[in-house]
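Encoded as structure tokens, the structure appears first; notes follow it.
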Amino acid sequence: MDATLRHTVADGVATIVISHPAKRNAMTAAMWRALPELLGGLADDPAVRVLVLTGAGATFCAGADISSLTGDAAEPGAAGDAGAADPRDLAVAAEEALAAFPKPTLAAIRGFCVGGGSQLAAACDLRFAEEGASFGVTPAKLGIVYRASSTRRLASLVGPAWAKYLLFSAELIGAETALRAGFLNELLPAGQLDKRVAEFTRILASRSQLTQASAKEFADGRTDRDAYWEEQAAGSEDTAEGVAAFLERRAPRFTWAP
């Protein structure tokens with residue numbers, strides 16, 4: 001089957017599926033290139049309130065498809081072509097586009113989440129996994145310098161000690177260890193991941209996008225938009241609607257949108 005990124009939008013939730021079954025959903029150069037554009041379109045879609053990233057079948061993503069990034073197998077514009085950019089730039093650009101997505105993002109993980117797959121998962125706001133999943137950050141197996149932005153994101157997520165453990169050793173860790181390290185938000189029993197993700201994304205889609213968007217920026221360390229968000233709050237009816245809905249014991253109908 002072809003390597004591709006599939007996507008759907010339903011009930012406020014956009015789902016991107018990494019699909020490359022022949023190579024455990026490894027990302028090809030074309031897939032890395034396609035992800036930022038796909039994310040841009042979904043960010044601009046007013047029907048999208050939450051984004052889920054997952055893998056086809058029993059694997060999230062086993063990293064980068066090295067054969068598509070090097071040598072004779074390189075695609076036009078990939079490493080191996082004259083004047084081509086470093087192939088790591090493709091992964092970092094996709095990672096940064098995912099981290100910058102303005103709405104809540106959740107990685108739903110089964111099986112292997114390794115290398116570039118772990119980069120994508122780390123770039124999401126939240127990570128839910130099923131028992132039996134495996135995680136690894138593997139540049140030390142290839143003699144690759146992990147980019148500074150990716151290293152800092154990993155360290156901010158799991159702390160310097162775990163980031164060094166993962167980067168120095170390139171060893172895989174199990175889902176329970178990933179939960180303990182802080183990489184995962186939730187660990188679900190086998191067969192329960194889809195149900196829990198659907199339940200939780202419904203909750204996210206029902207909440208105030210004003211609160212979510214401002215909280216995402218603040219939590220990610222942005223410090224120059226306090227006045228902007230105060231203005232957005234002052235001009236929004238979300239607070240009044242939230243209070244009224246609480247007093248009237250009904251679901252709120254928030255209207256602010258990015």
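Sequence positions, counted from 1, serve as the residue numbers for this chain.
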Closest contact, heavy atoms only, [X] versus [Y]:
| X | Y | result |
| --- | --- | --- |
| T201 | A198 | OG1-O, 3.2 Å |
| L172 | S134 | CD1-CB, 4.4 Å |
| A251 | A245 | C-CB, 4.1 Å |
| W32 | A94 | CE3-CB, 3.6 Å |
| G117 | C113 | O-SG, 3.7 Å |
| V17 | A56 | CG1-N, 3.6 Å |

State plainly whether one hydrophobic cluster holds both [X] and [Y], where clusters connect Ile, Leu, Val, Met, Phe, Trp and Tyr through side-chain heavy atoms under 4.5 angstrom apart.
| X | Y | result |
| --- | --- | --- |
| V48 | L35 | yes |
| L166 | L187 | yes |
| V137 | L90 | yes |
| L38 | V9 | yes |

Without hydrogens or angle criteria, can the side chains of Q119 and S150 be said to hold a donor-acceptor pair below 3.5 Å?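 Short answer, yes.
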
Interatomic spacing from [atom1] in [X] to [atom2] in [Y] - rounded to 0.5 Å:
| X | Y | atom1 | atom2 | answer |
| --- | --- | --- | --- | --- |
| E171 | T177 | CD | OG1 | 12.0 Å |
| I18 | H7 | CD1 | NE2 | 14.5 Å |
| K195 | L193 | NZ | CG | 12.5 Å |
| D89 | E96 | CG | CD | 11.5 Å |
| L120 | E95 | CG | CD | 7.5 Å |
| F218 | T223 | CZ | OG1 | 10.0 Å |

Output yes when a side-chain donor or acceptor of [X] lies under 3.5 Å from a complementary backbone atom of [Y], and no otherwise.
| X | Y | value |
| --- | --- | --- |
| T138 | K141 | no |
| R88 | V145 | yes |
| R49 | R207 | yes |
| R127 | A121 | yes |
| T151 | R147 | yes |
| T54 | A108 | yes |
| K103 | P258 | no |
| D238 | T255 | yes |

Quick one, [X] and [Y] - any side-chain contact, counting heavy atoms below 4.5 Å?
| X | Y | result |
| --- | --- | --- |
| R253 | E241 | yes |
| L53 | T105 | no |
| I109 | L184 | yes |
| V13 | L204 | no |
| N25 | F60 | no |
| R202 | D11 | no |
| M27 | L5 | yes |
| S214 | Q232 | no |

Under the criterion salt bridge (Lys or Arg N to Asp or Glu O under 4.0 Å), which of D226, D220, D224 is the partner of R222?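 Looking at D226, D220, D224, the match for R222 under the salt bridge (Lys or Arg N to Asp or Glu O under 4.0 Å) is D224.
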
Which residues pass the ring pair (Phe, Tyr, Trp, His ring centres under 6.0 Å) test with F183, not counting sequence neighbours?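 If we apply the ring pair (Phe, Tyr, Trp, His ring centres under 6.0 Å) test to F183, skipping adjacent residues, the hits are F135.
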
Could you give the side-chain donor-acceptor pairs of residues 154-164 under 3.5 Å, partners two or more places apart or in another chain?
residue	atom	partner	partner atom	Å
S156	OG	R152	O	3.4
S156	OG	R153	O	2.8

Taking side chain to side chain contact (heavy atoms under 4.5 Å, CB included) as the criterion, tell me which of L51, L106, L98 meets it with C124.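 Among the candidates, only L98 passes.
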
Salt-bridge criterion met for R110 and D194 (N-O under 4.0 Å):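 So R110 pairs with D194 through a salt bridge.
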
Could E130 and R196 be called an ion pair, given the rule that one side-chain N must be under 4.0 Å from one carboxylate O?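 Answer for the salt bridge query: no.
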
Greater than 12 external heavy atoms within 6.0 Å of Y146's OH: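 Correct, the count exceeds 12.
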
Show the numbers, then the answer: is there a side chain to side chain contact (heavy atoms under 4.5 Å, CB included) between F254 and L210? CA-CA 9 Å; F254 295 119; L210 173 64; over 6 Å; no

Can F200 and V50 be said to form a side chain to side chain contact (heavy atoms under 4.5 Å, CB included), step by step? CA-CA 10 Å; F200 194 76; V50 182; over 6 Å; no

